[in-house]
Each structure stands twice: as C-alpha cells, then as structure tokens.
Amino acid sequence: MAEVRTLEVVRAAMRASPPRVPGPVDRVYKDECAFSFDTPLSPGGLFVNLASWQAYGTTYVELDHQRTGCRLYLHEQWTRVPLTEAERADVDVRPEKLALGGAGGFQVDAEQWTVQKAAELVVLPESVTVALPCPDLPEVVLAAIAAVQAHDSAATLDKVAVWEEDRRVSRYAAALPQLPEGLGRWGRQVPADPAKWACDETGVTENLWLNLSTGFIGSGRQNWDGSGGNGAAMRHYEATGRRYPLAVKLGTITPHSADVYSYAPDEDDMVLDPGLADHLAHWGINVASLQKTEKTMAELQIDLNMSFEFDRITEAGAALQPLSGPGYVGLYNLGNSCYMNSVLQALWSVPAVRARYGPAAAPGIFRSAPPDPASDLVTQMAKLGVALMEARTGAPPLLPPGAAAPAAPGGPANGAEPMQSDAATHAHAFKSLVGRGHPEYSSSRQQDAEEYLRYLLDLLKAAEQAAGTRLVPGPPTAAAFAFDTEDRVQCTETGRLSYRRTHDNYVLGLSIPLEAAVNKDVLEGFQEREAKRARLRDEQAAAYIGAAGPPDGGAPNGGISVVSSDSQEERVLPRVPFGACLERWAEEGTVEDYDSIAAGHKTRALRRTRLATFPPFLLVQLRRYHVAEDWTPKKLEAPPALTEPDPETVAALVGMGFSENGSKRAALATQNGGTEASMEWVLAHMEDADFNDPLPLSPALVAPASSAPDQASAPAPSPESLAMLESMGFSQKEAAAALQACSGSLERAADWLFSHAGDLAAAVAAMDQPPAAAGAASVAASAADASAAAADGPGADDGEGRYELLGFVSHMGASTACGHYVVHLRRGERWVIFNDDKVAVSADPPRELGYLYVFRRTDVALPDAAV
C-alpha cells in the first residue's frame, strides 16, 4: 500500500501532466530509448513517458522531463537469468524447415535465459517511486500503465518476426509437355525402388532429379561448398533446347509434397507443381506408395547453414582479430539489412557526418528534438552516431559473478562469454524511419546498396534543410559527395559547341570494359579449356583436361565418367585496370538525331563528359550488375586493377633510397607485380622528368580550364586558325582573343568562344587588358560566378582531383536483389572489415572485388577517430 503523501504527489503530477491511455492504432515506443539504444535490460532500465509513450534511458529521462513537462513515467527494469540445463535442452531443437522464426524454423531469437521483470511508477522531479502493481493509484494512472504494458511496441509492429522460403507455382506446370516415350534409361516406367535409381548420364546414385517432361534422370548441380552433384540434369535441359524446365528430386516425393525445380531462366528456383501427382503418374510413379528417402533442398540448406561458422570472420581461410569499442561497433543484421549496415558504416567514416551528428553535436540535437523523436531523421542519425562513435550500445550488464552464462549454439562453454556483447547494436528504428512509405526499403528484401545510399543522402538533405539551426552550421551532408559534371556536345555538321553542367551528382558510375583486360592471353586460354571441357561433357567423353590420362575405372551402373570438380582448375577472371574504367566513362560518344540549333534540323553530334568539380569524398560504383538479353539479372565477374600501389612494394623501394612517389609509380606500372619487377621499372625510368611527381588523376576526367594564360608568353595566333574561327561566325578580334587565351589551340579556342557566348564582349575585353588588370577582371568574374552559385544554393566543395581509397562496399551474390554486403574501411595503417555485427582487422582486403568505392580527396583531413 502506498503512503498517503506519495499518493498526493502522484495526484499532483497527474493534474500537471495527465497520462494518456494508448488505443489500438497508437504507437508505443517502449522497447528502446528515443535518444540511445538503452532497453529495459540496460543498466538503469527504461522510463516510458505516460503522456507521449516515448521511452528514455537513465541518461535522458531528465532531459525529457525538462523538454515536455511530463512528471509520470513507467520505469521498467529487466534482468536475465540463465536457463537450467533441462530448460536449455528444450530450446536446442534442430530446425525442420528453411525458415527464420516460426514453428520448425531456425530459432534465431530462441531465448537462452528467463527474464525477471520489475516495474514501478516514477514521479519527476521529486524522484518518488511506487512499486507496481499498486491498486491505490488513481484509476487513470492504472489504466495508462496497464495499456502501455499490454500494447505491442512500435518496434514489434515494424519488424517481420518470421521469414520463410517462398515457393511460387511454376508458370510451366499447367501446360507441361510430357513425351510419349521417355528419353531416359527406363522409358515410361521409372521403378519405385530407390536402389535402382541412377543418373542416366554419369551413373551416380545421389542427388537425382527426374525431368517431368522427358523421364531423364540426371544428377543435380554442385553446392557452393563442393557437395551436391555434377550437373547432368541441367545439361540435359540445355541439350533438349531448354524446352523442358521442370524436374523433381527423387527421394523427396511423398503423398503430400516433393522438391520441384524450374531451370527456366525466368524462374530458376524451387517451385510448386499443383499437378505433380499426374505428371509423375505419366512415368509410372504412384506418389501414394513412395516414402521420403532423400533430404529435401531445405534440409540440405539447413545442414549447410548449421555447418557454417557465422561467428568466425575469415578472409581466404584466415581467422581475423576481432575489434570492439568506439569506432568499431557493428550493426546486427535485421533480416537482409546488410546493405544498410554497410552504407551506414561507410557514411560514418566521413568527417562531415561525424561533426554534424556525432557525440559533440548530439546533446543539442536531442534538446531540440520534436515531440516524436522516432520520426525525426536528424535525431535518429545522432542516436546512431553516439552508439557507433562511443560504443554506447545499450547492452545489458554482464551476469553477476559466479552466474553461468548459457552457451550459444556452436559457441564456448558456459561462463566463457557474456550473453551480449557491447561491440554491436541494431538500427531497427533507423531502418523503419528511412523505409517509411517506400515499398522496397520498408520490406525485408535485399536492396542495392548504391541506390539506398543515394536515397538516404536525399532524405538527409531535406531533413537538414528543415532542421535549420538545430544542426552545426555548414553545407548539407550530401555536399561532401556532390560533384558537377560538364557535357560538351559538338554538332558534326556545323562544328558549333554547346555545354551543359549537371549538379548534385553523388556517385560516379563506371562500366567495366572487358576488352581492356590486362590478362587476355591467360583468360583466352582458360576459356578455351573450359569450352573443351563443356564439349567433352556434352559428348559424354571420359577425359580430364590438363591431366596425364583418363581417370581410372568407369562409372557405376554403366554410366559415363565426366570431368569432376576436382579436375577443374582455378577460375580465371578478366583483370581490367581501373584507369580503363575511368577512360570508358570519359570517352567521346555519338548522339544520333541531335536537334542542332545551328544547323536548324536534326543531325549527328559528338558528346563527351568531364568532371567539373572534385568533391571531398568521391563515390565510385563499378557497374558489375546488368540485365541480360533474357531479362535475368547477371553479375559481371571482372575484378578491376585499382590504381593503388602495394604498400609493401612501396616500402621496400623507399627503403632502398628511392622517393615515395617514384616507388608508387613503379608499383602501379608493374600492376603490383612485386619488388623485383618494380625495381627493374625504377632502374629504367628513374631519369623520367615526372618520376618524383605525385600520381595524377586521369586528365580525361577533368573539364578544361578557362583561365587565361600570361599574355606575354602566349604565342601569336596562326592565320589558318584565325580563318577557321572566323568561318564559324566570329570576328577577327574574338578569334584572336580566344586563341590567345588557349595558347594557340584551335579546338580549345572554339570551346572558349562558345563557353563565353553569354559575355563574349567582356571576355575579349579582359584579354586586351594588361596582365594585372586581366587578373583582377578574372577574380571579379569568379566572384560573380560564386555569387550566382550561392543564389542557387550551396556550391560543390571543389579541390584538386587527387584521391586515395578510404573504403569499399563489396557484394557477394548473383544480383543486388540477393546475396550479402560487407564493407572494408581504412583506419590508419590497417584495414578493418565490418561484416554486420562482426568487426575485425582485415588481413587481405579484396580491393578488386568492390562494388561501391569511397575515395578521400588528399587535402581533406580525417579526425583521429576516423583513422
């Protein structure tokens, strides 16, 4: 029973800030602090504002009281208690189907402990507490507390708790053709005895698939770990003209279900066949008489998943040193959210983001937050920044001394590890807010990291504009990546030029020109051997390419041996220099049906694009993914040779007494071929004039400069060039000024004239002035241009186009709609891999396999926390 004085304080607080009872459509944020990642399990628990239904940890509850005037809070403190051995045995049940959550699926959230929950009413600022339940409290307070406790949290409503493999009905099932005579060994009568089943091509007896149209029994394809089959069923589909796509896995057929796969390019997945019983009856198979003798594809996938050590981060088989603490906080995968995790880690390596949303700026952002912080992107960015930069993840405290922690599946023995690490946190609220109203980003489907980054930068730009003085003064976050491009279009009929500048580009997308591969000879040899292997398999010949002779023995059941996976050599991929990708982007192209104002009709034009500004951080996307002619997504396997010298080779050459710039040039010139090759290059080129110069950016990317040279050093214009420019309609004075400004270059002079078409008289007059006056006029013109740009909005942060690699996002999978993302970031002299919640020192960062690269302009400094 509560004391009378305590009840009087509660009633006074109730009159000052009446509590509200949430209804069915209201959102209650009771799982996580609005300004941090504290939960009821965190030290100090969580305080739920009974008027706004927003929750706050011990660090921020007083701030909320000051901001809102609320006095009544529901304080919840939860404590984990490990399960007993008997209770834990009931939890460790093997999954029965390929699912996350749900009955029979992977119990990723299966608890290894019980939770003791304590609740009390807290009145601020008096800090009066009332233990709950307390029937003496006013009814309106009791109703609000009961409703908040019973209400589903906003995080629960936003989160998809169960994911399960979705199989669609095949479009080919309804009208499936079935041959009157089978093409397989058994014709129309496939035996019901599993002991008689064997691949009609190779004779193997495992992982067998019956083509429902032809009756051919073939071996399945190889799994990613090397298990599975040899692909005879797929080869049969190809050999029969791709007309018979459906196959059923023998051994999985029961009266109720079976595994059916469609090889059709527009499906290429597990499917459902509503007429499966009738289709099997055509081949003499009675589903009612069969029993399951083989593992289904879901069960095989479960075996692969359970055998894979998700808690062990490896690169080429090497265990990596884990990292934790400020700057090394991972993000838990929320279900296909690795694209978001990788983008956020890369974004938070940028100083402008850290300065705007980091721990120094967060208190001011939180104090000025709107009544609903969960719907404010600025607040959520600051909340995430505090967690990533200060490792304030809201992790529950470690178990009391002597308490036995439950062992995670495949993990260490009891007591060896805390139940939850403070090295990672989750971004449920952030993902929900960014994805709100978006059909893809609000789902649990995999997304394109590059597209998500563009979308997020646009959202941040709008949110920062609306935030006004809440944020540290400065250009928007997107400006750190924004750059301008300049298009130059020349009419081939009249020679007239036009220019157009495009603003607010965030990502430089580069195609990969395979014809520029530096290992063409090796690649062509490998492709020839692969083609020969394919022909031999098609001909069912027993041969091993590159082996001394054929394999010993034959295949069982009269089958024919084919090349096994053990005989296949390591795959050779085209290696394309990164510079070739840049040059492909900048090369001149043709524009058909160009509407030429000068010609007065449509004609052909030449177009080329250059970078007009160089941002502090340049995002480069390698366009590895494309849609093939059959409208299926494909991945271009071609690792580019990045223009980044091998640090070991550079260090070795510097140690020999050569300059750092010259050593870098040698490493790049030899494609990082090692110290010996680089040394030979140095000895042959050390007398070059540019040997000690810094590495340049490709000049093809830079828009031509328009500044005037020193008039005293400018050569006299040639009569032929003057005549050519005059034939374009310019006066002799204008032509002479243009040639003088461009050191006599006819092409650049034409560019200069057309680019100054709006103020040509002033530009020509500036060329007639003495050098000092011309320089003053140039400064004035630049100031006018800057004023005009400021009127349109913040201009791009431009600088010298010299960059070094800061990080890269890599993708593993056939398309951006599936697979997995990780990000590697440079921290000082080492590389760090962020693989969702796993953070570790990278032993061998795969720079050539990146999808989205982050380059830092060399004149942009990084704070200590970022390096």
Please determine whether side chain to side chain contact (heavy atoms under 4.5 Å, CB included) holds for the pair V809 and V822, giving the CA-CA distance in whole Å, both sets of side-chain angles, and the decisive distance to 0.1 Å. CA-CA 6 Å; V809 176; V822 300; over 6 Å; no
I'd like to know if the side chain of R826 and the backbone of R830 have a donor-acceptor N/O pair within less than 3.5 Å. no
Can H601 and T603 be said to form a side chain to side chain contact (heavy atoms under 4.5 Å, CB included), step by step? CA-CA 6 Å; H601 55 80; T603 183; 4.3 Å; yes
Should the heavy atoms of other residues, nucleotides or ligands under 6.0 Å from CD of E648 be counted, would the total exceed 12? no
Which atom pair, heavy atoms only, marks the closest approach of A667 to S678? CA-OG, 3.7 Å
Inter-residue atom distance R857.CZ - E800.CD, 0.5 Å rounding: 9.5 Å
Where F617 and P351 come nearest, the two heavy atoms and their spacing: CZ-CD, 3.2 Å
Sorted by chain and number, sequence neighbours left out, side chain to side chain donor-acceptor pair (under 3.5 Å) with R604 holds for none
Flag side-chain contact, heavy atom, 4.5 Å: H824 against V832: no
Run the numbers on S349 and F834 for side chain to side chain contact (heavy atoms under 4.5 Å, CB included), then give the verdict. CA-CA 12 Å; S349 66; F834 291 80; over 6 Å; no
Check whether any side-chain heavy atom of T590 lies under 4.5 Å from a side-chain heavy atom of L606, and answer yes or no. yes
Nearest-0.5 Å distance that lies between atom OG in S663 and atom CG in L653: 4.5 Å
Using the test side chain to side chain contact (heavy atoms under 4.5 Å, CB included), find all partners of R454 that sit at least two apart in sequence or belong to another chain. E450, V507
Side-chain touch F658/M679, heavy atoms, less than 4.5 angstrom: yes
So do the side chains of V682 and E680 get within less than 4.5 Å of each other, counting heavy atoms only? no
For residues 462-483, which side-chain N or O atoms pair as donor and acceptor with protein atoms under 3.5 Å away, sequence neighbours left out?
unit_1: E464; atom_1: OE1; unit_2: R356; atom_2: NH1; d: 3.1
unit_1: E464; atom_1: OE1; unit_2: T477; atom_2: N; d: 2.9
unit_1: E464; atom_1: OE2; unit_2: Y357; atom_2: OH; d: 2.5
unit_1: E464; atom_1: OE2; unit_2: T477; atom_2: OG1; d: 2.5
unit_1: R470; atom_1: NE; unit_2: S368; atom_2: O; d: 3.3
unit_1: R470; atom_1: NE; unit_2: S368; atom_2: OG; d: 2.8
unit_1: R470; atom_1: NH1; unit_2: D376; atom_2: OD2; d: 3.1
unit_1: R470; atom_1: NH2; unit_2: I365; atom_2: O; d: 3.0
unit_1: R470; atom_1: NH2; unit_2: D376; atom_2: OD2; d: 3.3
unit_1: R470; atom_1: NH2; unit_2: T379; atom_2: OG1; d: 3.4

For the residue pair A580 and P513, what are the closest heavy atoms and their distance? O-CG, 3.7 Å
Backbone of S731 reached by a side-chain donor or acceptor of E734 within 3.5 Å: yes
Does Y339 have any ring-ring contact (aromatic ring centres under 6.0 Å, His included) partners at least two apart in sequence or in another chain, and if so, which? Y452
Calculate, to the nearest 0.5 Å, the distance between atoms CG and OG belonging to L347 and S342 respectively. 12.0 Å
Below 4.5 Å, heavy atoms only, C-beta onward: do Y851 and L622 meet side chain to side chain? no
Contact check, side chains of L456 and V434, non-hydrogen atoms, under 4.5 Å: yes
Pairing of D593 and K602 as salt bridge, 4.0 angstrom limit: no
When you look at T609 and R607, which way does the side chain to side chain contact (heavy atoms under 4.5 Å, CB included) test go after all the steps? CA-CA 7 Å; T609 304; R607 174 183 175 181; 4.2 Å; yes
Results of side chain to side chain donor-acceptor pair (under 3.5 Å) for H685 - residues two or more places apart only: W681
Taking T613 for the side chain and D484 for the main chain, is one N or O donor matched with an acceptor at less than 3.5 Å? yes
Run F808 and W831 through ring pair (Phe, Tyr, Trp, His ring centres under 6.0 Å) and show every step you take. CA-CA 11 Å; F808 57 96; W831 283 87; 5.6 Å; yes
Pair E486 + R610, salt bridge at N-O below 4.0 Å: no
Distance from Y506 atom OH to L457 atom CG, nearest 0.5 Å? 6.0 Å
Got a second to check how far D487's CG is from Y499's OH, nearest 0.5 Å? 11.0 Å
Are L825 and W348 packed together at the side-chain level, in the sense that at least one heavy-atom pair is separated by less than 4.5 angstrom? no
Using modelled atom types only, decide if a donor and an acceptor are shared between the side chain of Y853 and the backbone of R847 within a distance under 3.5 Å. yes
How many angstroms lie between atom CD of Q621 and atom CG of L508, to the nearest 0.5 angstrom? 9.5 Å
Please tell me whether H438 and Y455 form a close aromatic pair, meaning their ring centres lie under 6.0 Å apart. yes
Quick one: does L852's side chain get under 4.5 Å of V620's, heavy atoms only? no
Under the side chain to side chain contact (heavy atoms under 4.5 Å, CB included) test, residues paired with E451 that sit two or more places apart: Y441, D448
Got a donor-acceptor contact below 3.5 angstrom from the Y821 side chain to the Q447 backbone? yes
